[in-house]
*Asks:* 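Quick one: structure below, then a few questions.
Numbers restart at 1 for each chain; the letters A, B, ... are given by sequence-line order, proteins then strands. All figures in this text were calculated on a predicted structure; none of them were measured in a lab.
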4 protein chains.
Amino acid sequence: MSKQNQASAAAELPVARAPRRERGRQRVESLLDAAAALFAENGFEATTMTAIAQRAGASIGSLYQFFPTRQLLADALRSRFEQHVGEALTRLAEDCRCRTPEGLAAGLVELMKGLREERTAALALVDPNDPRDAHRLQIRNLMRTRIAALIRQAVPETDADTAAQRAVLTLHLLKLVHQLPHEEAPAVLEDALRDWLARAFVQPPQTGRLRD
Amino acid sequence: MSKQNQASAAAELPVARAPRRERGRQRVESLLDAAAALFAENGFEATTMTAIAQRAGASIGSLYQFFPTRQLLADALRSRFEQHVGEALTRLAEDCRCRTPEGLAAGLVELMKGLREERTAALALVDPNDPRDAHRLQIRNLMRTRIAALIRQAVPETDADTAAQRAVLTLHLLKLVHQLPHEEAPAVLEDALRDWLARAFVQPPQTGRLRD
Amino acid sequence: MSKQNQASAAAELPVARAPRRERGRQRVESLLDAAAALFAENGFEATTMTAIAQRAGASIGSLYQFFPTRQLLADALRSRFEQHVGEALTRLAEDCRCRTPEGLAAGLVELMKGLREERTAALALVDPNDPRDAHRLQIRNLMRTRIAALIRQAVPETDADTAAQRAVLTLHLLKLVHQLPHEEAPAVLEDALRDWLARAFVQPPQTGRLRD
Amino acid sequence: MSKQNQASAAAELPVARAPRRERGRQRVESLLDAAAALFAENGFEATTMTAIAQRAGASIGSLYQFFPTRQLLADALRSRFEQHVGEALTRLAEDCRCRTPEGLAAGLVELMKGLREERTAALALVDPNDPRDAHRLQIRNLMRTRIAALIRQAVPETDADTAAQRAVLTLHLLKLVHQLPHEEAPAVLEDALRDWLARAFVQPPQTGRLRD
DNA sequence: TATGAATGAGAATTCATTCAT
DNA sequence: GATGAATGAATTCTCATTCAT
């Protein structure tokens with residue numbers, strides 16, 4: 001009863017505490033890694049805090065020191081994912097290979113492959129009841145915008161609108177990266193994908209505009 | 001149709017008991033409906049047996065009468081889904097509208113929309129660690145085969161191989177049914193989808209073969 | 001996340017479930033007894049659910065079957081206390097000894113002694129931050145009203161207002177029942193208390209009106 | 001509470017460490033203040049060491065520097081309360097207003113009001129299982145003795161025994177200070193209380209001796 | 001068969017206390 | 001001394017499953 005009073009007075013929602021020491025920073029990092037791996041493997045509901053702590057080589061108390069709630073851990077993971085996406089795109093933009101459609105296609109496929117586990121984890125954290133999930137939309141916009149910029153870098157004569165449309169298609173195609181490996185002959189398919197992409201940068205799709 | 005391989009070793013594997021009377025059949029049906037709804041809403045792990053029984057207006061004991069295990073309930077649900085898919089396809093095949101590509105396209109989109117919730121529930125039951133999940137593959141094959149047949153019915157000059165390929169693409173396109181509604185202007189997009197489908201039945205995609 | 005959605009949709013506040021079978025009724029009774037004893041001994045915060053279940057000879061699951069929350073258990077306890085108070089007062093009113101001031105005094109002292117543990121437990125459940133606690137006021141009013149009636153029964157010439165005032169004083173004096181035993185010579189003091197009470201029914205206190 | 005008993009056997013009982021410097025003294029003071037406030041608000045069990053440190057603007061490590069145990073902190077708080085009571089009484093004794101019964105009554109009421117929070121905190125630290133708690137008795141005796149002296153100072157013709165008796169009654173009346181404010185018209189009641197007190201110093205209660 | 005109750009392992013979370021820097 | 005991190009036993013609460021009537 002008294003706890004609730006405190007809460008009503010200050011509405012002390014739990015927040016992930018930021019580490020202040022180097023040791024803490026490392027701990028948080030490894031906890032996030034462990035969580036990402038387990039969420040990706042088993043989904044959000046099936047992943048226990050105990051398992052996360054164990055996998056990270058931390059005590060359960062240590063985990064709760066930084067993430068007072070499983071949901072908060074999930075949120076942190078999604079933020080980190082967004083940050084990683086941004087960083088990877090920045091790195092890609094600085095890579096000179098990206099000046100050609102083929103190079104850009106290869107770079108994007110590589111980027112997606114590198115984000116595979118983290119993306120799976122992040123998807124496991126989406127509330128399936130809420131398709132307009134704010135964070136999800138945010139990452140989508142981030143990618144669309146940045147990819148459009150990359151396309152204009154690789155194919156300078158593209159105007160802004162066209163680039164935006166092609167970015168949407170590109171993103172859809174890129175999602176296939178995560179479905180192909182389940183199939184036979186992934187290498188061949190990956191080649192095909194790179195090919196489609198490279199073409200998509202310069203030539204509009206014939207079937208009309210695809211959104212989402 | 002489905003054979004349970006596991007049955008070989010164990011002495012007394014629990015099996016979903018079949019109801020003896022009409023009343024029992026109805027109860028089982030409503031239990032499955034409740035389970036489908038809840039699995040679709042909250043996922044497998046987050047759905048409790050108590051909640052299922054409650055939603056079905058049954059007691060927990062009654063639920064366990066028919067489904068001695070949560071997993072067994074999930075299995076029954078997947079089987080029922082497969083059965084429903086089969087029935088829906090049969091019904092579609094008998095619908096004379098399907099003699100034209102446009103009619104078939106419309107029919108398939110309708111079919112997918114009708115299976116929406118059940119499909120979501122079934123997907124929630126897939127072990128994400130096992131992408132080769134037997135049951136999943138079985139349903140996929142069922143759909144591919146049946147859709148190929150429908151295509152040949154609507155476009156009689158198609159040969160078997162071509163029909164098979166187009167069925168694969170068709171299936172991919174059909175999955176979009178479940179993504180579009182989240183977007184703006186669903187009606188417009190649904191039209192577009194029907195259009196793409198109708199074309200896919202007669203004309204191969206230019207960008208190469210898509211698998212899975 | 002899905003759980004919260006459910007909650008937001010139906011605001012499913014947990015409620016103490018009422019037993020539907022005889023066995024359950026007994027269980028609930030013994031759980032409440034155990035809880036009363038432990039709350040009285042150790043206070044609300046220091047009493048664990050495990051300890052309550054153990055003392056009642058029930059499993060922890062059984063406890064939670066009926067009281068999904070410790071707070072709910074506390075609430076049920078307070079309700080039961082109020083009910084017991086009411087019943088005890090009714091019984092006292094029907095006791096013919098109460099037709100005289102002395103008899104009434106003795107009866108009230110007896111009544112208080114019988115409620116001792118339960119009262120201690122109930123007091124341990126009051127949120128000390130909230131002096132206007134609704135339940136507490138309710139019991140106080142119940143007692144004031146009923147005692148006033150008893151006084152008019154014992155001393156018929158008393159008018160309603162006077163009886164009400166004397167009931168307030170009576171209640172204050174009665175609280176001493178629970179402090180005296182800690183002192184030396186409880187029997188002597190109990191006699192004195194009975195004496196004061198009997199006098200309080202007929203004669204106003206000289207020092208002015210005491211409220212609360 | 002049983003755990004704390006075990007400690008009696010151990011070799012090195014932790015003791016509250018005394019601060020060496022002025023800065024330390026201030027820190028200890030603010031820690032005690034924070035603890036008093038929180039114990040008073042939420043009770044002993046519900047108050048966490050972390051919360052205390054936070055409220056005092058200190059780190060948890062710092063808190064443990066001075067109070068190696070929560071119990072030790074509680075003990076220190078009770079000692080400080082006793083000390084404050086003594087100081088307040090000394091100050092009161094030196095106040096010339098106390099030469100008259102009315103002045104003394106006012107002074108005592110004032111004194112009680114000033115100790116309100118600290119008293120609430122101290123009460124929250126009493127083990128409810130042990131009504132003969134040593135510390136509690138000690139404070140009670142301190143107050144009885146000092147108040148008796150004050151009474152003889154205000155009403156010089158009182159003999160020692162009578163003064164002692166009246167001190168007991170005075171103390172009981174003074175406890176009302178902490179109950180009255182919850183009622184309607186606190187100012188009026190406070191006046192009445194002062195009045196009763198002033199009379200109690202010179203005139204014996206008619207109803208007999210009240211103890212405790 | 002139907003139904004409510006019983007069970008207990010397991011999960012999330014808390015918190016006093018200890019450590020290392 | 002001061003500070004943040006580490007620890008893990010203890011606590012609340014959940015839920016699949018089994019029992020008894």
*Asks:* In whole angstrom, what separates B/Q65's CD from F/dT21's P?
*Replies:* 17 Å
*Asks:* Can you tell me the distance, in whole Å, between the CG atom of A/L31 and the C1' atom of F/dA6?
*Replies:* 12 Å
*Asks:* Within this structure, what is the CZ-to-C1' distance between D/R70 and E/dA16, rounded to whole angstrom?
*Replies:* 8 Å
*Asks:* In whole angstrom, give the distance that lies between atom CG of C/L63 and atom C1' of E/dA5.
*Replies:* 14 Å
*Asks:* Under 3.5 Å, sequence neighbours excluded: what are the donor-acceptor pairs made by side chains of residues 21-31 of chain C?
*Replies:*
unit_1 : atom_1 : unit_2 : atom_2 : d
C/E22  : OE1    : C/R25  : NH1    : 2.9
C/E22  : OE2    : C/Q26  : NE2    : 3.2
C/R27  : NH1    : C/S62  : OG     : 3.2
C/E29  : OE2    : C/R80  : NH1    : 2.9
C/S30  : OG     : C/R27  : O      : 3.0

*Asks:* Between atom CG in C/L73 and atom P in F/dT11, what is the gap in whole Å?
*Replies:* 16 Å
*Asks:* If you draw a 6.0 Å radius around CD in A/Q54, do more than 12 non-hydrogen atoms from other residues or ligands fall strictly inside?
*Replies:* no
*Asks:* Looking at E/dA12, E/dT18, F/dC13, which one has an atom nearest to any side-chain atom of A/Y64?
*Replies:* E/dA12
*Asks:* Could C/R17 and C/F67 be counted as a cation-pi pair, given that NZ or CZ must be under 6.0 Å from the ring centre and within 45° of the axis?
*Replies:* no
*Asks:* Using heavy atoms and a sub-4.0 Å distance, could you list which residues of residues 18-27 of chain C are near DNA chain E? By number, please.
*Replies:* C/P19, C/R20, C/R21, C/R23, C/R27
*Asks:* For DNA chain E, whose closest nucleotide is more 5', that of C/S59 or that of A/P68?
*Replies:* C/S59
*Asks:* Identify, between D/G57 and C/M49, the residue whose nearest nucleotide on DNA chain F lies closer to the 5' end.
*Replies:* D/G57
*Asks:* Take C/Y64 and C/M49 through the test side-chain contact (heavy atoms from CB on, under 4.5 Å) and record every step on the way to the result.
*Replies:* CA-CA 9 Å; C/Y64 275 93; C/M49 293 299 264; 3.3 Å; yes
*Asks:* Over how many whole Å does the gap from B/E45 atom CD to E/dA12 atom C1' extend?
*Replies:* 15 Å
*Asks:* Can a salt bridge be assigned to the pair D/D127 and D/R136 using a cut-off of 4.0 Å between side-chain N and carboxylate O?
*Replies:* no
*Asks:* Please report the distance, rounded to the nearest Å, between CD1 in B/I60 and C1' in F/dA20.
*Replies:* 16 Å
*Asks:* Using heavy atoms to find the nearest nucleotide of DNA chain E for C/G61 and A/T50 separately, return the residue whose nucleotide is more 5′.
*Replies:* C/G61
*Asks:* Let me see the working for D/R70 and D/E45 under salt bridge (Lys or Arg N to Asp or Glu O under 4.0 Å), right down to the final yes or no.
*Replies:* CA-CA 10 Å; D/R70 190 165 59 140; D/E45 291 295 341; 3.7 Å; yes
*Asks:* I'd like to know whether A/E118 forms a salt bridge (Lys or Arg N to Asp or Glu O under 4.0 Å) with A/R78, so could you lay out the CA-CA distance, the side-chain angles of the two residues, the decisive distance to 0.1 Å, and finally the verdict.
*Replies:* CA-CA 9 Å; A/E118 246 182 319; A/R78 300 180 79 186; over 6 Å; no
*Asks:* Counting only side-chain heavy atoms from C-beta out, which of E/dA16, E/dA5, F/dT11 sits nearest to C/T48?
*Replies:* F/dT11
*Asks:* Base, sugar-phosphate, or nothing: which does A/T69 touch, judged by heavy atoms less than 4.0 Å apart?
*Replies:* sugar-phosphate
*Asks:* So which nucleotide does F/dA20 pair with, by the Watson-Crick or G-U wobble rule with both distances under 3.5 Å?
*Replies:* E/dT3
*Asks:* Atom CD of C/Q54 to atom C1' of F/dT12: distance rounded to whole Å?
*Replies:* 15 Å
*Asks:* Which nucleotide wins on minimum distance to the side chain of A/F66, given the candidates F/dA5, E/dT17, E/dA6?
*Replies:* F/dA5
